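Scroll down for the structure; my scribbles are underneath it.
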Amino acid sequence: MDRGTERDGAATEYAATGRIPLAVVVVDRAGLVSHWSSGARRLFGATKEEAIGHPAVDLLPVSGALPEDDDISPYGPYGAYDDAGHDLETSLDGRLYYPTAGRARLTVPERDRVDVLWWAYPLVGPGPERLLVLGADVGRLQQDAAGEDPGFDRVAPAFALHTDFPGAEELASRLPEILPSMSVDESARIVGQILELGYPVLEFSQNDRVPVTPDWGVPRRVERRARRERAARAAAHGLPAPADDPDDGEDLEYVAVRERLEFLNEVSGRIGTSLDLAQTIIEVSRAVVPRFTDVAGTYLREQVVAGEGFPDGVPDTTTMWHRVALEHTDEPGRWDDVVPVGEAMPFPAHTPFFQCMTTGEPVLVPRITPEMGHAIASQFEKRDIRPLITRRSMLVVPLKARNVVLGFMILLRHPERVEFNDMDRVTGAELAARAGLVLDNARMYTYQESVAETLQDSMLPQIPRRMAGCDITTRYLPGTLLGRVGGDWFDSVKLPGARTALVVGDVMGHGLNSAAKMGQLRTAVQTMAALDLPPAQLLRNLDDLAQRLGDNYLATCLYVVYDPLAGELRLANAGHIPPVLVRADSGHGELLDLPTGAPIGVGGVPFEEVRVRVEPGDRIVMCTDGLVELRGEDIGVRLAVLCESAAHPAASMDEACDTIIRALNPREGRKDDVALLMARLNGIAPVDVAVHRLELDPAEAGRARALVQEQLRAWGLSRLADTAGLLVTELVTNAVRHSRDRPVELRLVRGETLLCEVDDDSHELPTLLDAGPDDTAGRGLRVVSTLARAWGTSRTGTGKTVWFELTLTPR
């Protein structure tokens with residue numbers, strides 16, 4: 001016990017009698033003991049094994065007063081805190097919701113009768129604990145008074161509801177030490193309730209209250225340090241070491257183990273706060289310096305550093321180890337030039353490092369001798385590390401996960417510091433085991449994140465920033481950092497007639513499953529778009545396909561075809577967020593009024609097509625619902641923000657997309673993916689388009705060639721005239737040969753490239769053949785494939801289109 005204020009007389013004597021060893025018992029809601037401290041074992045005589053899980057009433061004193069014929073009856077009977085006479089059994093039954101205190105007599109084997117003071121606190125909260133009982137031996141209190149009768153009329157346990165005793169803080173700080181089976185949150189909750197319900201005190205002579213300051217029976221660090229210093233002084237003078245208490249060896253061992261556990265728990269709380277591999281490495285290195293070691297160098301296998309798959313096989317002398325971190329307490333820069341972070345090197349056999357990495361066990365070197373220092377330094381070319389390591393104590397611990405060595409840590413202590421010992425080796429091994437798991441979690445996350453990004457990048461198209469008559473910019477934002485793949489996608493498809501199909505879709509769900517479905521649907525859209533199907537028909541076919549693939553294929557999709565020659569959009573919607581059209585003349589953004597339609601995969605719902613006139617400079621913004629839908633916010637308000645931000649003036653398309661993202665993407669709270677596509681509809685001026693109709697006559701091939709050459713000269717592209725004329729001749733020859741009724745149409749479009757298209761009414765697509773020396777056919781497309789920048793074929797509603805592009809080369 002400690003006294004909060006100075007008093008005179010006998011009260012002062014008892015206020016300074018020392019600290020009372022306390023028994024600490026926790027009883028659960030079933031009335032069974034769930035925690036039994038070593039103090040409880042000493043006071044009540046039952047071992048922890050005999051107490052845990054057994055009824056508390058069978059182990060604790062439950063009577064509220066002592067017999068009248070008791071030889072210490074002058075102390076007088078006393079009951080509970082409220083003087084109502086409740087005993088401990090009433091508290092154990094759970095019938096009281098306030099703290100009680102009392103005294104009882106019990107018989108302990110080999111100790112005769114023991115007079116016990118007790119304090120009981122009812123516990124509330126989510127845990128299973130119902131009652132906390134603190135107990136103390138009155139006989140021990142008498143012994144603290146040097147065996148003399150204290151002369152008080154009464155010694156009683158009580159509570160101070162509004163105490164300012166300094167002992168309250170000590171109880172709050174030290175109670176968790178004897179509740180190791182509980183979590184930090186649980187012990188903190190119990191301590192909080194003790195301080196709220198009333199701090200335990202002892203009443204002397206009915207007017208002096210002294211706070212109960214617990215002594216858990218473990219010597220304090222100051223006392224241990226003093227004993228070590230006395231022992232050291234005695235040894236220096238050749239005297240025998242001072243005698244310690246009988247239990248000091250056990251207590252010191254307990255304290256040492258407890259300190260190691262505290263250190264490991266502290267380290268565990270400081271590492272693994274991030275799944276970033278680099279940050280985790282820094283946390284692991286800094287967690288041990290300077291408390292456990294003075295120098296900590298961390299080495300990892302190169303596969304771990306690269307975030308690749310789990311390394312196979314046992315390391316050998318060819319395994320490369322990357323020095324990824326170095327923490328020390330030496331003067332700045334002393335280690336940096338000699339052993340720089342980032343260096344990769346193998347380690348030879350017959351070294352402590354090689355032994356650690358191959359056996360997976362820690363290696364302890366109490367002192368690095370000059371000979372060993374020379375052997376270690378010999379592997380470092382042009383650098384002498386002997387001054388850094390010689391005479392230091394070294395511990396090499398492996399960083400393992402699932403029995404595979406990911407790396408190791410080299411720990412060094414200064415020569416004047418105590419050497420690493422066997423307990424340090426055990427502590428280092430446990431530390432490395434925890435650090436290894438944390439590092440492996442970070443490695444796995446880095447690897448999975450890389451795989452996810454690769455998968456997502458492979459599924460999302462690399463859309464050209466410029467298509468015929470339009471510029472396109474896109475953005476994709478993953479829903480969460482832990483799931484970088486999803487079902488949102490965007491796409492663009494080149495269509496005949498210098499048209500472009502723009503697509504945004506969203507598969508319902510998240511993760512790899514949705515991403516896989518997205519990949520299938522996106523491929524299907526690409527294929528059907530190449531057939532030049534009308535938007536409504538394309539969605540109809542996509543819906544049929546989704547139903548054939550399975551019942552769980554549900555997706556929304558917005559399909560738009562832009563015709564820059566006609567200045568028109570053709571749109572169809574399948575349950576998707578409508579697009580925003582920003583008019584160039586007014587700078588106003590508006591949601592297009594489209595029939596909503598049903599999501600892809602519902603089945604049996606018709607889709608409708610809408611045509612919208614557009615002018616050069618107009619912009620269309622298409623996005624998935626992850627951008628505008630946010631829990632707790634009105635969707636109408638966020639759609640209005642979308643229109644406003646889309647219409648905001650911007651210096652570039654990239655800046656315009658970023659403006660939308662900043663306006664609608666919250667810093668936290670969004671869990672859905674976001675796909676955003678913006679297209680500026682530039683149109684194609686009539687002066688940049690030339691269209692010619694050709695009759696089904698083989699002689700028309702020559703006329704087509706002359707028309708192309710003449711047009712290119714007029715456009716100032718004379719250098720392309722011969723090449724374009726040759727290629728057009730090949731395409732027109734094939735078209736005239738295979739057409740049946742309708743004339744062939746030749747179309748030239750000047751834009752970022754020279755586009756040439758030849759339409760006919762045959763649905764049979766030409767095939768690129770490997771023509772031999774004697775073949776009379778198949779060379780035409782080979783010539784086109786060789787000379788053109790790009791070429792292709794696609795079916796149309798009336799036949800097919802064969803096209804090629806040439807890079808513009810002005811004269």
Side-chain angles (χ1 to χ4, degrees), residues 463 465-474 490-504 525 529 532-540 557-574 576-597 606-623 639-640 642-650 653 656-657 660 676-691 745 747-752 755 757 759 796-798 801:
I463 294 179
R465 295 184 68 88
R466 297 201 172 189
M467 302 285 281
C470 66
D471 299 330
I472 302 174
T473 302
T474 60
F490 45 70
D491 211 343
S492 68
V493 184
K494 180 185 293 186
L495 300 179
R499 294 170 301 147
T500 300
L502 306 173
V503 190
V504 171
V525 171
D532 200 17
L533 297 177
Q537 183 61 47
L538 184 142
L539 294 183
R540 173 77 274 152
C557 184
L558 178 63
Y559 186 79
V560 180
V561 174
Y562 172 53
D563 187 341
L565 301 179
E568 181 182 68
L569 295 175
R570 299 172 61 188
L571 309 95
N573 189 12
H576 201 80
I577 295 291
V580 174
L581 184 62
V582 180
R583 297 292 184 177
D585 55 356
S586 65
H588 176 68
E590 61 174 332
L591 283 174
L592 293 182
D593 186 13
L594 304 180
T596 304
F607 299 99
E608 302 180 43
E609 179 182 311
V610 174
R611 294 174 181 257
V612 178
R613 295 288 303 175
V614 293
E615 299 295 333
D618 290 352
R619 286 181 290 142
I620 185 171
V621 178
M622 306 161 62
C623 66
L639 287 174
L642 173 63
C643 293
E644 181 180 355
S645 59
H648 192 276
M653 293 279 285
C657 281
I660 296 175
L676 174 67
L677 183 149
M678 177 185 291
R680 183 168 56 205
L681 313 175
N682 301 320
I684 298 178
V687 70
D688 292 325
V689 180
V691 180
E745 184 174 283
R747 185 167 49 252
L748 296 175
V749 180
R750 179 179 62 175
E752 295 296 320
L755 173 65
E757 296 180 324
D759 294 350
T796 65
T798 58
T801 296

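Please read these numbers as outputs of a predicted model, since none were measured by experiment.
When the options Arg465, Arg619, Arg680 are evaluated for a side-chain hydrogen bond (donor to acceptor under 3.5 Å, both in side chains) with Asp471, the one that passes is Arg680. Residue Tyr562 is tested with Ile620, Leu495, Leu571, Val614 for a side chain to side chain contact (heavy atoms under 4.5 Å, CB included); the sole match is Val614.
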Passes side-chain contact (heavy atoms from CB on, under 4.5 Å), Ile472 versus Leu502? Steps please. CA-CA 9 Å; Ile472 302 174; Leu502 306 173; 3.8 Å; yes

Carefully, step by step, assess Asp688 and Val749 under the rule side-chain contact (heavy atoms from CB on, under 4.5 Å). CA-CA 6 Å; Asp688 292 325; Val749 180; 5.7 Å; no

Could you go through the side-chain contact (heavy atoms from CB on, under 4.5 Å) check for Val525 and Asp491 one step at a time? CA-CA 9 Å; Val525 171; Asp491 211 343; 5.9 Å; no

Give the C-alpha distance, both sets of side-chain angles, the deciding distance and a yes or no for side-chain contact (heavy atoms from CB on, under 4.5 Å) between Leu533 and Arg540. CA-CA 10 Å; Leu533 297 177; Arg540 173 77 274 152; over 6 Å; no

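For the pair Ile463 and Leu677, the minimum side-chain heavy-atom distance is below 4.5 Å. Using a 4.5 Å heavy-atom cutoff, the side chains of Val503 and Cys557 are in contact.
Annotation for Pro579 and Leu558: closest pair CD-CD2, 3.7 Å, computed over non-hydrogen atoms. Of all heavy-atom pairs between Ala647 and Gly589, the closest is CB-N, 3.7 Å. The two residues Ala529 and Leu538 have their closest heavy-atom pair at N-CD1, 3.6 Å. Taking each heavy atom of Ile577 and Cys623 in turn, the nearest pair found is CB-O, 4.0 Å. The shortest non-hydrogen separation linking His576 to Val504 is NE2-CG1, 3.5 Å. Minimum interatomic distance between Leu539 and Phe607 (heavy atoms only, all atoms of both residues): O-CE1, 3.7 Å.
For Glu644, there are no side-chain hydrogen bond (donor to acceptor under 3.5 Å, both in side chains) partners two or more places apart in sequence or in a different chain. Residues meeting the side-chain hydrogen bond (donor to acceptor under 3.5 Å, both in side chains) test with Glu568, sequence neighbours left out: Arg611. Evaluation of the side-chain hydrogen bond (donor to acceptor under 3.5 Å, both in side chains) rule for Glu608 yields no partner, not counting sequence neighbours. With sequence neighbours excluded, the residues satisfying side-chain hydrogen bond (donor to acceptor under 3.5 Å, both in side chains) with Arg747 are Glu745, Glu757, Asp759. Evaluation of the side chain to side chain contact (heavy atoms under 4.5 Å, CB included) rule for Pro534 yields Gln537, Arg570, Glu609 as partners, not counting sequence neighbours.
Atoms CG and CD1, on Leu565 and Ile684 in that order, are 5.0 Å from each other to the nearest 0.5 Å. Interatomic distance, CE of Met622 versus OH of Tyr559, reported as 10.0 Å (0.5 Å rounding).
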Using a 3.5 Å cut-off and no angle test, enumerate the donor-acceptor pairs between side-chain atoms of residues 580-587 and protein atoms at least two apart in sequence or in another chain.
residue : atom : partner : partner atom : Å
Arg583  : NH1  : Arg613  : O            : 3.0
Arg583  : NH1  : Asp618  : OD2          : 3.2
Arg583  : NH2  : Arg613  : O            : 3.4
Ser586  : OG   : His588  : N            : 3.3

